[in-house]
Every structure is written in structure tokens, then in C-alpha cells.
Amino acid sequence: MQGWRAPDRGALFVLSGPSGVGKSSVIQRAMARVPHLGFSVSATTRAPRAGEKEGEHYHFIDSGDFASRVEAGAFLEHATVYDRRYGTLRAPTEAALGAGHSLILDIDVQGAAQVRRAMPEAVTVFLAPPDIGALALRLRSRGTDSEEVIRRRMEQVAVQVGEIGAFDFILVNDVLETTQTVFEGIVLAELHRRSRRGSVVGAMLRELP
Ligand code: 5GP
């Protein structure tokens with residue numbers, strides 16, 4: 001991005017929404033366009049799906065390992081979704097923000113609530129499906145889950161949508177291009193907040209005659 005000036009501090013963006021709503025596409029595209037914007041790689045006890053890579057999509061760990069990390073306070077947030085445990089590791093999150101990088105967390109609504117409490121300045125975005133029927137279709141066309149899994153995921157949709165009122169921004173993913181533009185707008189606006197631009201303001205004030 002030409003003429004980009006990095007913020008003084010990185011920001012934390014939470015993107016929640018039902019499975020299959022298109023969060024991954026939105027995240028991939030935003031990371032390709034916005035400098036120093038990374039993806040927070042969660043730990044999970046679920047098995048990798050075809051094509052998923054350790055350390056890129058998730059850290060795949062067993063339940064014993066997950067439990068001892070919970071015990072050690074290693075998670076910024078963690079939750080059980082579809083009987084599997086998922087969590088955001090505290091250390092890499094803090095390291096990224098400390099280095100001036102920003103992060104997107106693809107986490108469920110329970111995790112979003114915990115992040116809000118731990119870091120009130122985090123920006124939370126809910127990505128909603130244009131219609132629930134379309135969501136089931138999308139999960140099936142992905143071809144990675146059984147009918148039983150899809151049925152349970154659809155039950156979870158109700159839980160996720162029920163929490164929508166707690167989010168800062170709501171996007172309905174009708175057209176990916178538009179969703180993308182709006183999501184990037186939110187990210188870029190946050191990174192240009194005055195509280196993240198102190199060094200630019202200071203430099204300008206010093207140069208005044
Ligand atoms: P999936 O198994 O389809 O990758 O993810 C299932 C759900 O778990 C999604 O709603 C996703 O946002 C959520 N999820 C993934 N990682 C985390 C995490 O670290 N914490 C929480 N709370 N939810 C997560």
C-alpha cells in the first residue's frame with residue numbers, strides 16, 4: 001500500500017460469525033492488502049481438515065496439552081465449540097501487538113466476549129449470513145463435513161447470531177467484494193485512530209514554525 005504509515009501500536013480485530021459464512025476469505029484478502037496485518041493462529045483439539053496445515057491454520061494439539069495450557073494461563077481466551085476446544089494463545093498475540101503488528105482473530109462469540117473483557121480496545125466484527133439456508137448449502141459444497149456435523153453446526157448458528165448485539169460492527173456477507181471493502185474500511189479506520197498516530201502528530205507539532 002503506497003504511502004502507508006504504520007500505526008504506533010497494532011490493533012486486535014475479532015471476526016466472528018457462523019461457520020461457512022466466509023470469514024476465511026475476508027481475512028485472507030484483508031491480510032493481502034493491509035500491511036502488518038496477520039492472522040492469529042489458534043490452538044485446537046479438533047483434527048486437521050484436508051489441506052489444513054499445522055501452524056498456518058491452527059496449532060493442532062491434544063486435549064491433555066490443551067488442558068495444561070489452560071491451567072498455565074496460556075490462553076487469552078478459549079472456548080468449546082462443537083465439542084472441540086479452541087483457544088487464542090496469549091504470548092504470540094502480545095508479541096505481535098508489541099511489535100506494532102495487527103492481528104485478526106477468527107473466533108466464536110464466547111471467545112469474542114472474553115477478548116472484549118480482557119482488551120476493551122479490541123474491535124469486534126460480526127459477519128452474518130445473508131440467509132440461513134444459503135449457509136447450509138455453503139457448508140455442504142465445502143465437502144469437508146458429514147451431514148451430522150453440518151446439522152450441529154446449523155444449531156450453533158442460532159447461538160452465534162444470538163450474541164450479535166455485543167459486536168461493534170455487523171456485516172452481512174451478501175457480496176464478498178462489498179463485505180471486503182467494508183471490512184478493510186473498518187481495519188484501516190481503526191489503524192488511523194489518533195491514539196495510534198501519536199508519533200505523526202508529535203512530528204507535525206514539532207515542525208510548526
Ligand atoms: P472450525 O473448526 O470450522 O475451523 O472453527 C469452528 C469455530 O471455532 C469457528 O466459529 C471459529 O471462529 C471458532 N474458533 C476458531 N479458533 C478459535 C479460538 O481460538 N477461540 C474461539 N473461541 N473460537 C475459535
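Model, not experiment: these values are computed from the prediction. Numbering of ligands and ligand atoms starts at 1, following listing order.
The neighbour count for R151 CZ, taken as heavy atoms of other residues, nucleotides or ligands under 6.0 Å away, is above 12.
In terms of protein heavy-atom proximity, atom 17 (C) of ligand 1 is closest to Y86 CB, 3.4 Å. In terms of protein heavy atoms, atom 19 (O) of ligand 1 is closest to S42 OG, 2.6 Å.
Using a cutoff of 4.0 Å between basic side-chain nitrogens and carboxylate oxygens, R152 and E155 are not scored as salt-bridged.
A side-chain contact (heavy atoms from CB on, under 4.5 Å) with F39 is found for one member of L103, D106, L15 and no other, namely D106.
Residue contact check: D106 has heavy atoms under 4.0 Å from atoms 11 (C), 12 (O), 14 (N), 15 (C), 16 (N), 17 (C), 24 (C) of ligand 1. The ligand atoms of ligand 1 that sit less than 4.0 angstrom from a heavy atom of A79 are 22 (N). For ligand 1 and R46, the ligand atoms under 4.0 Å from any heavy atom of the residue are 1 (P), 2 (O), 4 (O). For ligand 1, the atoms sitting less than 4.0 Å from at least one non-hydrogen atom of G111 are 22 (N), numbered in the order shown with element in parentheses. Ligand-side atoms of ligand 1 in range of T88: 19 (O), range being under 4.0 angstrom from any heavy atom. Every atom of ligand 1 is numbered from 1 in the order shown, and the set under 4.0 Å from a heavy atom of K23 is 9 (C), 10 (O), 11 (C), 12 (O).
Between F126 and F167, the ring planes are perpendicular. Angles over 60° get that label, and only those under 30° would be called parallel.
Ligand 1 lies less than 4.0 angstrom from a heavy atom belonging to R49. In this structure, R153 has a heavy atom closer than 4.0 Å to ligand 1. Distances shorter than 4.0 angstrom occur between a heavy atom of E77 and an atom of ligand 1.
The shortest N or O to N or O distance between Y58 and ligand 1 is below 3.5 Å. In terms of polar-atom proximity, Y82 is not counted as a contact of ligand 1, lacking any N or O under 3.5 Å from an N or O of the ligand. For V81, no nitrogen or oxygen atom sits less than 3.5 Å from a nitrogen or oxygen atom of ligand 1, counting backbone and side chain alike.
Taking each heavy atom of W4 and H192 in turn, the nearest pair found is CZ3-CE1, 3.6 Å.
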For L89 and F75, what are the C-alpha separation, side-chain angles and deciding distance, and is it a side-chain contact (heavy atoms from CB on, under 4.5 Å)?
CA-CA 4 Å; L89 291 160; F75 290 112; 3.6 Å; yes
Pair Q110, Q114 - check side-chain hydrogen bond (donor to acceptor under 3.5 Å, both in side chains), show working.
CA-CA 7 Å; Q110 309 166 68; Q114 294 170 49; 5.7 Å; no
Please walk me through it: do T144 and E52 pass side-chain contact (heavy atoms from CB on, under 4.5 Å)?
CA-CA 11 Å; T144 50; E52 283 184 336; over 6 Å; no
Worked verdict on L176 versus R29 for side-chain contact (heavy atoms from CB on, under 4.5 Å):
CA-CA 10 Å; L176 181 60; R29 287 163 169 236; 3.7 Å; yes
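Every residue two or more places apart in sequence or in another chain was checked for a side chain to side chain donor-acceptor pair (under 3.5 Å) with R197, and none qualifies.
Here atom 23 (N) of ligand 1 lies nearest to D108 when heavy atoms of D108, V115, L15 are compared.
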